[in-house]
Amino acid sequence: MITITLPDGSAREVESGTTPADIAAAIGPGLAKAALAARVDGELVDIGRPIEADAAFALVTSRDEKDALELARHDYAHVLAEAVQALWPDTQITFGPATDDGFYYDFAPSAQRGPFTEDDLPVIEDKMREIIAADQPLVREVWSRADLIARWQAKGESFKAEWAAELPDNETLTVYRSGTGEDAWLDMCRGPHLASTGRLDPKAFKLTKVAGAYWRGDQNNPQLSRIYGTGWLDKKQLAAHLMRLEEAAKRDHRKIGQEMDLFHLQHEAQGSVFWHPKGYLIWRELEAYMRRKLDAAGYDEVKTPQLMDAKQWEQSGHWGKYRENMFVVPDEIPHVPEEGADDDTPVITGDADMMALKPMNCPAHILIFKQGIKSYRDLPVRMAEFGCCHRNEPHGALHGILRVRQFTQDDAHIFVTEDQLIEEVRDFCDLLDEVYHELGFDSYAIKLALRPDARYGSDAEWDRAEQQLRDAVKLAGRDTDEYGWEELPGEGAFYAPKLEFHLSDAIGRTWQVGTIQADTVLPERLDASYVGEDGERHRPVMLHRAILGTFERFIGILIEHHAGRFPLWLAPVQAVVATIVSDADDYADEVVAKLKAAGIRAEADTRNEKINYKVREHSLAKVPNLLVVGKREAEQGTIALRRLGSDEHQKVMTLDEMIATLRDEATPPDRKGG
RNA sequence: GCUGCUGUAGCUCAGUGGUAGAGCACACCCUUGGUAAGGGUGAGGCCGAGAGUUCAAUCCUCUCCAGCAGCACCA
């Protein structure tokens with residue numbers, strides 16, 4: 001007999017080998033039906049898995065939504081793989097986990113079959129529903145490594161065989177059998193799974209897309225064909241999820257950017273943004289705001305060259321570790337043939353020295369730091385630049401204005417002594433926190449990206465830098481779950497570990513924006529030094545840091561976060577004065593002039609259109625304030641204020657009242673109050 | 001860069017092996033209308049680029065370019 005302890009603290013004596021299903025049945029038939037799996041000493045296990053020793057025990061039902069979803073999604077992936085092999089037996093299976101909203105499975109289709117396409121999805125879905133309807137039992141079996149490898153090799157499953165051979169020795173190798181008899185379908189899987197395929201809701205999943213994905217996530221490995229699905233406990237959850245996707249699509253910054261005439265992209269300058277007047281207004285407001293914040297925090301702003309000689313990049317190390325991301329330009333006057341002449345001299349010979357567009361601002365900032373001799377009394381030096389950088393990103397990486405090849409960072413480098421480092425990082429964390437909150441973001445996560453394989457600097461330097469960043473976050477009190485604190489091995493920059501700040505937007509997606517990196521490598525490579533109290537030269541540590549990250553990405557996130565309905569201080573057009581009759585046109589112009597004089601961005605709409613039409617159009621254009629003027633208003637010197645998204649009826653008020661209201665709201669957050 | 005899909009008017013999208021259509025937007029005319037689309041007329045397209053198959057290609061095939069979704073990479 002063994003003792004199991006239930007969540008309420010009560011204990012039960014049961015036979016060794018009793019399964020969670022047995023225990024559920026003993027408690028009651030309702031629970032037996034509802035039980036999906038169990039937690040034994042915290043570990044999620046199959047409902048049919050025998051318990052062999054004393055343990056803390058809890059049944060998992062659909063009320064334990066997180067566990068239940070995880071189980072269901074894992075099962076959907078399993079059923080997907082079975083369906084695909086039923087349809088195309090030559091397809092090799094690899095693996096398929098649950099994701100945040102569903103599941104995927106990676107396949108290696110036969111050469112004849114080729115990768116899956118979207119047209120295959122409905123066919124596969126039908127087969128999946130058949131498997132669910134057949135309510136096949138899913139049974140866990142423990143296999144020996146040799147048997148497992150032999151089985152996969154016999155089936156021609158080379159990926160599975162490779163995987164089975166490489167699983168660690170201490171791992172119990174398990175297989176799940178779907179169905180019974182000779183034609184049962186097997187997959188190697190850690191589990192757990194639901195008791196049978198019939199536990200899945202055939203109406204609560206949907207295959208969503210196909211994509212290529214590398215075997216084991218490595219670009220050098222063969223590419224597999226991945227099928228994605230979304231899976232839920234019931235069809236209501238699925239419908240809600242599809243609704244959320246639609247919502248997200250409506251917020252897409254590319255769509256809103258076009259609708260609101262903020263910017264455009266075109267292939268002659270792919271990856272670089274054409275900012276239209278309205279989009280650039282947002283940029284200018286944001287930049288002015290950041291400049292005020294940095295001024296107040298003791299930063300000095302600089303501006304550095306766009307092009308520098310390759311030798312400089314060699315010395316900084318970018319040429320060695322970052323060159324494939326750089327735009328390289330020959331330092332040579334291009335050849336221009338005489339008009340009409342038969343001249344096949346190439347435009348560029350390529351023999352000249354190379355220059356490169358800067359991918360980062362850091363080397364140039366060190367070069368400024370190195371001008372003159374710095375004393376320890378000068379530190380910390382906080383050097384800021386709204387620096388425009390170019391990075392030669394792979395084409396497939398480009399995405400709207402969130403991932404571009406030309407971007408402007410709210411960059412700064414802080415040169416500190418070892419003693420100043422931790423507090424300086426702490427202060428940065430505080431500044432960043434303030435900025436995010438003022439810009440309307442309530443939550444963000446902090447990650448520590450540790451040393452990558454391709455790096456400069458000694459292990460001792462990396463040890464110290466990583467530990468200092470850890471300590472600083474702790475000092476700032478942000479190494480907690482609230483901030484999603486975690487460490488990411490191998491994700492650091494080639495010269496330094498970095499703290500990454502990931503913003504959560506209004507619909508829960510996250511974006512890396514801010515960063516701070518503690519770098520001893522570049523000061524060394526570029527020979528930056530200061531004279532210490534002892535009269536000797538010392539190396540400063542260089543903190544690379546950004547809060548917004550880049551204006552391009554940050555504005556993209558702002559657009560999606562606010563769905564285009566910016567807070568008034570950032571809204572490109574803050575008010576439109578719309579006339580009802582043309583007799584009010586002069587008055588409308590007068591109102592606009594007064595608004596502009598009060599610093600409010602306003603336009604008049606005196607077109608020959610009905611007021612209904614104007615209201616609709618400006619509402620769709622997300623203009624925050626519509627000031628309606630007709631004969632009445634023109635005579636009385638008032639306006640009728642209609643606020644976007646407000647349920648209140650319009651309010652008629654005098655010009656002065658209206659200006660007082662708007663001016664207050666249009667004040668940037670750092671200028672409000674005290 | 002890799003896999004799949006897509007590319008027709010400024011935008012959103014129909015369509016056909018015999019060189020094109022809608023709605024919105026735009027221009028002009030009528031209308032001066034009180035809170036989410038008033039009416040009429042008109043202009044606008046090398047059907048992404050190149051090659052091939054064909055009597056004939058926007059449509060079929062191939063190559064390239066770009067966009068989209070992933071992957072890999074990343075602010």
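The chains referred to below are lettered A, B, ... by the order of the sequence lines, with proteins before strands, and numbering in each begins at 1. These numbers come from a predicted model, not from an experiment.
Out of B:C68, B:G38, B:G33, the shortest distance to the side chain of A:Y613 is found at B:G38. In this structure, the nucleotide among B:A75, B:C5, B:G1 sitting nearest to the side chain of A:P394 is B:G1. The side chain of A:L620 lies closest to B:A36, out of B:C73, B:A75, B:A36. Considering only the side chain of A:T550, B:A75 comes nearest among B:A75, B:U32, B:U35. In the set B:G70, B:G34, B:U35, B:G34 carries the atom at the smallest distance from any side-chain atom of A:R632. When distances run from any side-chain atom of A:Q258 to the nucleotides B:G67, B:U35, B:C11, the shortest one goes to B:C11.
Distance A:F494 CZ to B:C73 P: 17 Å, rounded to the nearest Å. The nearest whole Å value for the distance from the CD atom in A:Q219 to the P atom in B:C73 is 7 Å. As a whole-Å value, the separation of A:D261 CG from B:A25 C1' is 13 Å. In this structure, the NZ atom of A:K255 is 16 Å from the C1' atom of B:G10, given to the nearest Å.
Taking only distance into account, the side chain of A:Y214 meets the base of B:G1 through a donor-acceptor pair shorter than 3.5 Å. Under 3.5 Å, the side chain of A:S225 and the base of B:U3 form no donor-acceptor pair of N or O atoms. Evaluation of atom-type donor-acceptor distances gives no pair under 3.5 Å for the side chain of A:R226 against the base of B:C71. The base of B:A75 sits with one of its N or O atoms less than 3.5 Å from a complementary donor or acceptor on the side chain of A:E393. With hydrogens and angles ignored, a donor-acceptor pair closer than 3.5 Å exists between the side chain of A:E633 and the base of B:G34.
Comparing A:K631 and A:L402 by the nucleotide of RNA chain B that holds the closest heavy atom to each, the one mapping nearer the 5' end is A:K631. Where A:R391 and A:R254 each meet RNA chain B at their nearest nucleotide, the meeting point lying more 5' is that of A:R254.
Ring centers of A:F116 and A:W88: under 6.0 Å apart, within the cut-off. Outside the 6.0 Å centre-distance limit, the rings of A:Y495 and A:Y322 are not counted as a close aromatic pair.
Close to B:A69, at under 4.0 Å from its OP1 or OP2, lies a side-chain N or O of A:H399. Taking side-chain N and O atoms only, A:R403 has no distance below 4.0 Å to OP1 or OP2 of B:C68. Side-chain N/O atoms of A:K614 include none lying less than 4.0 angstrom from OP1 or OP2 on B:G34. At least one side-chain nitrogen or oxygen of A:Y228 sits closer than 4.0 Å to the OP1 or OP2 atom of B:C71. For B:G1, the OP1/OP2 oxygens have a side-chain nitrogen or oxygen of A:H395 closer than 4.0 Å. When the side-chain nitrogen and oxygen atoms of A:Q270 are compared with OP1 and OP2 of B:A66, one or more of them lie within a distance under 4.0 Å.
For the C1' atoms, the distance from B:G45 to B:G33 is 36 Å, rounded to whole Å. The P atoms of B:G10 and B:G1 are separated by 28 Å, rounded to the nearest whole Å. As rounded to the nearest Å, B:C11 and B:G18 have P atoms that lie 27 Å from one another. When the P atom is compared between B:G15 and B:U8, the two are found 14 Å apart, to the nearest whole Å.
Counting only distance, with no hydrogens or angles, the side chain of A:K160 and the backbone of A:I93 share no donor-acceptor pair below 3.5 Å.
Side chains of A:L595 and A:L627 form a contact here, defined as non-hydrogen atoms less than 4.5 Å apart. In this structure, A:D410 and A:F386 have side chains that are in contact, with non-hydrogen atoms separated by less than 4.5 Å.
As judged by a 4.0 angstrom heavy-atom cut-off over every strand, A:A640 is placed among the base-contacting residues.
The pairing partner recorded for B:A56 is none, the criterion being a Watson-Crick or G-U wobble arrangement whose two distances lie under 3.5 angstrom.
Under the 6.0 Å distance and 45° angle rule, A:R478 counts as a cation-pi partner of A:Y483.
Of the N and O atoms on the side chains of A:D90 and A:Q112, not one donor lies less than 3.5 Å from an acceptor on the other residue.
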